[in-house]
Structure formats: structure tokens, C-alpha cells
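Data block below; observations after.
Remember, it's 1-based here, ligands and their atoms both numbered in the order they're listed.
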Amino acid sequence: MGRYSAFAVAREAFRNHKGWTRAWASPEPKRKYDVIIIGAGGHGLATAYYLGKNHGIRNVAILEKGWLGGGNTGRNTTIIRSNYLQDPSAAIYEKARSLYEDLSQDLNYNVMFSPRGVMMLAQTEHEVRGYKRTAHANALQGVTTEYVDPERVKELCPIIETRGPRYPVRGALWQARGGTARHDAVAWGYARKCSEMGMDVIQKCEVTGVRSEGGKVVGVSTSKGDIDCDKLGVVVAGHSGHLADMAGFRLPIESVALQALVSEPIKPCMDVVVMANTVHGYMSQSDKGEMVIGGGADGYNNYTQRGSFHHIEETVRALNETFPIISRLKMLRQWGGIVDMTGDRSPILSKTPLENCFINCGWGTGGFKAIPGSGWGMAELMATGHSPLTEAYTLDRFREGRFIDESVAAGVAH
Ligand code: FAD
Ligand code: PYC
């Protein structure tokens, strides 16, 4: 699927409007559900959707303390790729990428998936070796990527200065079927489908406690009262530590702000996504013409869901050398989200010490791309107790030392 015109987007929004109403109206919670999912971000909503679609479990509530997609899902820079190194990562990220290809049709909602191609620049010898290695690993995993030389980089993205003084471009890892999608639409599309299946998407409903009996979850306390459930899915990204605390266990997660910014809109000048991980910067152009720009995660733990001036300077300065064209652009707005980082930069999709309580977190700086695959696997895990997609991502791996090291692929989080 290619890009959509503004008209097509407006028409789609109009058609979809009727379906939104129920989700936005936030029904009053019932007293008891088969499954409660905490967190109406992409991962929580996708989990609920595939519970209904793939496993016929529809007596489900998704509880959200704010609004639909108001967490990281609506704050990210929408890069979708599956060029990771380790086999379990390739499996879940490629499953997600392939589901994105047909997601608009599946949800009957235009998520504007745009497979425009993603390249990760190699600007040091270390990166050249790392990305060549990833390209070989991807070939074995059935993930289509290639290592390209600087001439091809320039062909794919003419605005790049490949001969930069400090970090010349030595090549890139290129994934032609990677790209972007509209982040809000992903949340809205899943929410509407959940709502159509009879699930309750309840906004402004903060979970304040997890209730258990005999080591087994029985429900949650919320700002709208107590609600019972047979199974609980905790899918709250940067707030995972708090929720785990309520459920009586600890997580190897650190919460950090990740910031991004957009420029004033300019004429189309870049139709691929570029990540420059050595200098900590990445950029793409939105359909409106804004340059969408991001850099590294904050260097200290915090829950500050906002942007900061020093970050603009750091990120834009880093990118200037590779993209001299941005040096005189005006920046329009900036923001931040709280990302949930694990030590090995891989997620956790797992049972927990509390029976029937499951957790999906640790996506850190890179979970938008994973939403459909994560939802698929998490739903299978919650419905059947096992999923091939999630089996490597247990909490136990941190105790047992079975890390899934993705610090190179995570890029902005390394
Ligand atoms: P969220 O969308 O944060 O959803 C969790 C929800 O839980 C929130 O809505 C929150 O309000 C709710 N919640 C929390 N506590 C409670 C409670 N007590 N009760 C009820 N609800 C609660 N990933 C990529 O793949 N590509 C990118 O280009 C990319 N860029 C990024 C850029 C930025 C600036 C940021 C911040 C992130 C980026 N990411 C990217 C990462 C990606 O956004 C996240 O990994 C992903 O969105 C996480 O989704 P989620 O559903 O787990 O979390
Ligand atoms: O995971 O591809 C990614 C990403 C890019 C920017 C932030 N995260």
C-alpha cells in the first residue's frame, strides 16, 4: 500500500467516525470480565484485539488512565522495521511488520502504513561490521535486508552528505519494506475493532491496585471502583514498575524519557527513513512535509513526559553534519514519552509470580513497530499459556542470564 492523500484520510476519518463513538464514549465498567488489560496503548489494544479475533475471548475490558494512545503509542516517530539480530527478535518484529502490511484491511481502518524503506547508516568501522553481520543474520532468518554502499545510500536519499568530516557514511543496512504508519490510527483502529467485538475500552480509569487471593489475581482497584477478572494483562510501558509493585513483584526495568521534535513543513525532499545511530539522530518526512526528528534517550531515569531545550540542540547538531539541509529549518514542536528499558534492550512478554497475571513491557525506544506481533503473541500466551513468539521473552531470563542482546538494533537506546 502506498501513501494516502489528505482527501483519502479525511474520507476515511468520516467513514470511521461512527465506529469511534463507542470507544470514545468509555462505557461504565462491568463488575467482572474474563480478561482485563491495563493500558490502552498499541500493545494493550492489540493484545485485546487478537484475544477476541484469534481466541474468541471477548468479555474483555481495556482500562486506560488517560486517553486512547495517549502514552508512547501517540508520541513515537512511527518507524517500522524488523532488522534485528537475534532469532526471537526477528520472529516477533517480522511477524509485526508483515501484519502491518495488511493492517488497514484487517482493521478496516486506514493506518497509513507506508513501506518507504528504512536505512541505518554505518558511520564507523564498528557499525559497518555490525550491520553486515545483521544483514547475514537477517538472510538466515528470512528477513529481507541488505547492506548497501555509500553510492546507493546517496541514490536512495540524495539530501545526505555522505562525506561528512567527522562521520562519513560508509554504507547502510537497508530494509526496503520497512517504513512508517500513522501512530494514532493504529490505536484507534484496534480500539474500534475491540469495541465492535463487544469489549469495553474504558478511558480515564486508573488502576490503583491489583487484588489477589491465594497467590492468584482476582481483580483490580480503579478510580471507577473495583473490577474483577480471571486474567490480567499489564501493558503500561513506562509505568510497568509501579504496576508490578502493586502486583507484588519487581521488574528489571528503568523508565527514561525519549524525546522527539518536528520541523516546519517543507516540500518533499526525503522519501525514506534514515537512522544515524552513531551520532544519535534519525529523521523522516511526514506526509504533511514536517521533518520528524529524534535522538537518543535521556541519560538519566525520569518520568518527565516532555521535551527539553538541550535535547533539541544535541539532536539537531548531531544530524546537521549528515543533513546540512536542516541547518536553517525552524522547529515546530517537541515532546517526550516515558520508555521502559531493559538491560538487554529486548521486551518482556511473560507470566509473572502472581498467577494469571501477565506482563508485556520493556519495548523501550522501539515498540511501535512491534505492536501487531506483540499483541498476537501476548494474546496467545494469555489464552493458552504458551506462544512461540513470546517464549524467549520471559522474566526468568534476567535471573538465568539468557539475555537477548539487541543494543545495536535498538539504535537510539544503545
Ligand atoms: P503506551 O502507548 O505508553 O501505553 C501504555 C498505556 O498505559 C498508556 O496510555 C498509559 O496512560 C497507560 N497506563 C499507565 N499506567 C496506568 C494505570 N495505572 N492505569 C491505567 N492505565 C495506565 N518505537 C518504534 O518502533 N519506532 C519509533 O520510531 C519509535 N519512536 C519513538 C519516539 C519517541 C519520542 C518515544 C517516546 C517512543 C518511540 N518508540 C518507537 C517506542 C514506542 O512508542 C513504544 O515502545 C510503544 O508505543 C509502547 O507502546 P505501549 O502500548 O506498550 O505503551
Ligand atoms: O526503534 O526504530 C526504532 C526507533 C527509531 C526511533 C525511535 N525508535
At what distance is the nearest protein heavy atom to [atom], and which residue and atom is it?
atom                    : result
atom 38 (C) of ligand 1 : N76 CB, 3.2 Å
atom 27 (C) of ligand 1 : I79 N, 3.5 Å
atom 17 (C) of ligand 1 : V207 N, 3.8 Å
atom 15 (N) of ligand 1 : H239 CB, 3.7 Å
atom 12 (C) of ligand 1 : E64 OE1, 3.3 Å
atom 49 (O) of ligand 1 : H43 CD2, 3.2 Å
atom 53 (O) of ligand 1 : A237 CB, 3.2 Å
atom 20 (C) of ligand 1 : K65 N, 3.2 Å

Less than 4.0 Å is my threshold; does some heavy atom of [X] fall inside it relative to ligand 1?
X    : value
L243 : yes
G336 : no
C205 : yes
G366 : yes

Taking 4.0 angstrom as the limit, do [X] and [Y] come out as a salt bridge?
X    : Y    : answer
E355 : K231 : no
R116 : D287 : yes
E321 : R166 : yes
K53  : D106 : yes
D226 : R31  : no
D245 : R250 : no
D396 : R399 : yes
E101 : R177 : yes

Which atoms from ligand 1 have a heavy atom of [X] less than 4.0 Å away?
X    : answer
K369 : 24 (C), 25 (O)
G41  : 2 (O), 4 (O), 51 (O)
G39  : 6 (C), 7 (O), 12 (C)
E206 : 18 (N), 19 (N)
T78  : 27 (C), 28 (O)
L63  : 20 (C), 21 (N)
R75  : 33 (C), 34 (C)

- ring pair (Phe, Tyr, Trp, His ring centres under 6.0 Å) partners of residues 296-324, not counting sequence neighbours, each pair once: H242-Y303

- Task: Kindly state each residue pair satisfying ring pair (Phe, Tyr, Trp, His ring centres under 6.0 Å) with at least one member in residues 344-367, sequence neighbours excluded.
- Result: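 Pairs touching residues 344-367 that pass the test: H43-W363, Y93-W363.
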
If we only count N/O pairs under 3.5 Å, is [X] in contact with ligand 1?
X    : result
V236 : no
A370 : no
W67  : no

- Item | K204 NZ/CZ over W67 ring centroid, <6.0 Å and within 45° of normal | no

- Message: Regarding ligand 2, does T365 bring an N or O atom to under 3.5 Å of one of the ligand's N or O atoms?
- Response: yes

- Message: Check this for me - ligand 2, Y282, N or O atoms closer than 3.5 angstrom, yes or no?
- Response: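 Checking ligand 2 against Y282, no N or O pair falls under 3.5 Å apart.
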
Counting only heavy atoms not in [X], do more than 12 fall under 6.0 Å of its [atom1]?
X    : atom1 : value
K30  : NZ    : yes
R133 : CZ    : no
E254 : CD    : no

For [X], take its heavy atoms, then give the atoms of ligand 2 lying under 4.0 Å from any of them.
X    : answer
G366 : 1 (O)
I79  : 2 (O), 5 (C), 6 (C)
K369 : 1 (O), 2 (O), 3 (C)

Could you name the option among [options] that has the heavy atom nearest to [atom]?
atom                    : options               : value
atom 5 (C) of ligand 1  : V235, I38, L261, V220 : V235
atom 2 (O) of ligand 1  : V210, T180, T73, V292 : T73
atom 41 (C) of ligand 1 : N72, T365, V256, I371 : T365

- E94 versus S82, side-chain donor and acceptor atoms under 3.5 Å: yes

- Message: Is a donor from one side chain sitting under 3.5 angstrom from an acceptor on the other, for K95 and Y100?
- Response: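 Checked: K95/Y100 side chains show no N/O donor-acceptor pair below 3.5 Å.
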
- Message: Using only atom types and a distance under 3.5 Å, with no angle test, would you say the side chain of T384 pairs donor to acceptor with the backbone of H386?
- Response: yes

